[in-house]
2 protein chains.
Amino acid sequence: MAKGTNLKTAELEKISHLDYFNIAVSVDCVIFCYEEKELKVLVIKSDLEEFSGLYSLLGDLVRPDEDLDTASYRILQERTGMEDVYLEQVHTFGSIDRHPSGRVITTAYYSLIDAKHQKLRLTNNDLHWHPVRNIKKMAFDHKAILDTCLGRLREQVMEHPVIFNLLPEKFSLRELQELYEAILSVSLDRRNFRKKIGIKDWLVDLNEMEEDVPHRPGKLYKLKPEFKRKTPRRKSSNPRPQIA
Amino acid sequence: MAKGTNLKTAELEKISHLDYFNIAVSVDCVIFCYEEKELKVLVIKSDLEEFSGLYSLLGDLVRPDEDLDTASYRILQERTGMEDVYLEQVHTFGSIDRHPSGRVITTAYYSLIDAKHQKLRLTNNDLHWHPVRNIKKMAFDHKAILDTCLGRLREQVMEHPVIFNLLPEKFSLRELQELYEAILSVSLDRRNFRKKIGIKDWLVDLNEMEEDVPHRPGKLYKLKPEFKRKTPRRKSSNPRPQIA
DNA sequence: ACAAAAGTGTTATGATTACACCCATGT
DNA sequence: ACATGGGTGTAATCATAACACTTTTGT
């Protein structure tokens with residue numbers, strides 16, 4: 001269609017791009033679960049001598065024929081054996097010196113999974129779930145990545161029904177409240193918590209009771225099916241205004 | 001320190017990475033300004049034949065010796081001649097086929113600048129400010145990038161004093177309200193708006209009046225200096241809870 | 001009987017919404 | 001005098017936060 005002008009074709013431009021094909025691209029996944037009343041993150045011992053003894057997040061280079069989102073999904077599947085997980089992109093870290101092997105930029109995702117359903121390939125390099133609040137130092141800039149993802153999780157959890165990805169299908173309001181408390185590092189008033197959850201209208205009362213608890217059993221609830229978004233919600237570009 | 005074990009050094013690992021050094025990394029800037037009572041974005045005619053006639057955002061490949069954030073800042077300076085601008089990373093777009101020249105992932109930033117202070121190098125390729133609401137189609141996936149950044153701007157504007165980067169130093173409450181209305185595509189009640197802005201306590205009354213307006217002049221205000229964050233705010237990883 | 005947690009309501013405060021009139025300035 | 005926008009307050013509704021007692025179950 002377009003006549004020969006001073007436009008470049010993509011094919012021509014490709015050549016001039018070649019000089020720039022020397023930044024590697026990776027993804028890192030902050031995979032959260034909730035276990036023993038604690039928020040935990042999946043970490044593995046770094047296999048770089050520079051970071052000997054430190055743990056890192058799970059990540060990998062992105063393959064040239066693989067979407068960024070697909071790459072993070074692949075990491076997650078390879079390591080946890082889980083399908084159909086909640087995964088959301090958070091931030092891309094691109095400092096020059098963040099990786100000792102050379103220029104590697106990385107896009108961080110966070111993921112929420114139900115501790116009961118995953119079957120970790122706990123084979124090597126001390127791959128394990130680590131309580132988030134104990135973590136002081138990690139390989140690379142992974143502590144900053146973890147902090148950023150935790151911050152995002154805390155923001156999301158207030159407004160969107162994502163937290164349920166960390167719980168089994170059926171749960172009591174106490175379990176839900178304890179999970180909020182673990183994520184936010186606060187303690188919440190039980191009555192106000194129940195009122196607020198009630199208003200949000202996210203839950204279905206299953207008319208079932210907890211079993212095998214050493215106290216009065218609580219009712220069990222599940223998330224209403226219409227809120228089950230394993231695929232990351234697309235950000236609406238038109239949220240309703242909250243100003244005046 | 002570490003004895004020779006089965007750890008790899010970064011130097012060794014570098015070699016195995018070489019196969020993967022074939023994804024290009026770019027940044028794209030969604031540069032907003034406010035002019036003639038409209039939110040506008042800086043666009044330029046695409047120089048790719050595939051997108052002949054379409055406009056694209058301003059972007060460039062990231063240099064191997066340049067931080068991601070620095071790259072976006074460079075684009076902005078080159079094109080607008082401005083220093084000290086508000087710039088925030090939003091999302092990284094990494095579909096395989098998003099660029100016809102080959103595999104290019106791009107990190108999108110949005111920026112807010114005062115229309116009065118910029119001196120555009122309006123030299124070529126029809127670089128110009130385009131009203132955001134008219135834009136239907138762009139080169140590459142740039143329409144999606146624009147929408148995502150606009151969505152982020154709308155989220156931010158509710159909670160954080162960022163909007164002032166689009167205004168001159170001194171402004172009236174009417175100008176401020178019109179700007180909110182332009183960004184959010186809503187109309188706001190004047191009394192409620194003023195009440196809400198008052199509560200936020202972001203402004204200083206300058207005890208000056210508008211001049212040269214064909215009606216009763218309004219008071220002028222400026223943003224309190226402590227809220228002038230040209231550098232993107234770092235997300236707190238500990239927002240106060242808003243649940244119960 | 002005791003321990004542990006479930007379940008539940010009221011009051012006070014602050015934010016939000018809807019809504020209408022007089023005032024100051026320029027033409 | 002008219003047109004344009006500046007400036008202001010009240011009442012209704014809703015969300016939030018603080019707070020304590022009775023009930024149910026397992027041991």
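Quantities reported herein were computed from a predicted structural model and do not represent experimental measurements. Below, chains carry the letters A, B, ... as their sequence lines are ordered, and counting in each starts from 1.
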**Asked** Any donor-acceptor pair under 3.5 Å joining the side chain of Lys219(A) to the base of dT24(D)?
**Response** no
**Request:** Using atom types as modelled and distance alone, determine if a side-chain donor or acceptor of Glu181(B) lies under 3.5 Å from a backbone N or O of Leu188(B).
**Result:** yes
**Asked** Hey, what do you get for OH (Tyr34(A)) to CD1 (Ile183(A)), rounding to the nearest 0.5 Å?
**Response** 8.5 Å
**Asked** Less than 4.0 Å between a side-chain N and a carboxylate O, is that true for Lys116(A) and Glu169(A)?
**Response** no
**Message:** Go nucleotide by nucleotide along DNA chain D from the 5' end; which of Lys195(A) and His215(A) gets its closest nucleotide reached first?
**Reply:** Lys195(A)
**Item:** Distance, rounded to the nearest Å, where Asp189(B) contributes CG and dT8(D) contributes C1'
**Value:** 12 Å
**Message:** Using whole Å, what does the distance between atom P of nucleotide dT8(C) and atom CZ of Arg174(A) come to?
**Reply:** 16 Å
**Prompt:** Are Leu112(B) and Ile163(B) close enough that some pair of their side-chain heavy atoms sits under 4.5 Å apart?
**Reply:** no
**Request:** Take atom CG of Leu176(A) and atom P of dG7(C), then tell me their distance rounded to the nearest Å.
**Result:** 13 Å
**Value in whole Å for how far the C1' atom of dA4(C) lies from CE of Met209(A)** = 16 Å
**Asked** Can you list the residues that meet the ring pair (Phe, Tyr, Trp, His ring centres under 6.0 Å) rule with Tyr109(B), with sequence neighbours excluded?
**Response** none
**Request:** Report the distance from atom CZ of Phe193(B) to atom P of dG6(D), rounded to the nearest whole Å.
**Result:** 11 Å
**Request:** Starting at atom OH of Tyr221(A), determine the distance to atom P of dA6(C), rounded to an integer number of angstrom.
**Result:** 11 Å
**Complete:** Atom CG of Asp205(A) and atom C1' of dA6(C) are separated, to the nearest Å, by 13 Å
**Which residues share a side chain to side chain contact (heavy atoms under 4.5 Å, CB included) with Asp212(A), sequence neighbours left out** = none
Please list each protein N or O that sits under 3.5 Å from an N or O in nucleotides 20-22 of chain D, with the distance.
from: dA20(D); atom 1: N1; to: Arg191(A); atom 2: NH1; distance (Å): 3.3

**Item:** Euclidean distance, atom CG of residue Asn192(B) to atom C1' of dA11(D) [Å, nearest integer]
**Value:** 12 Å
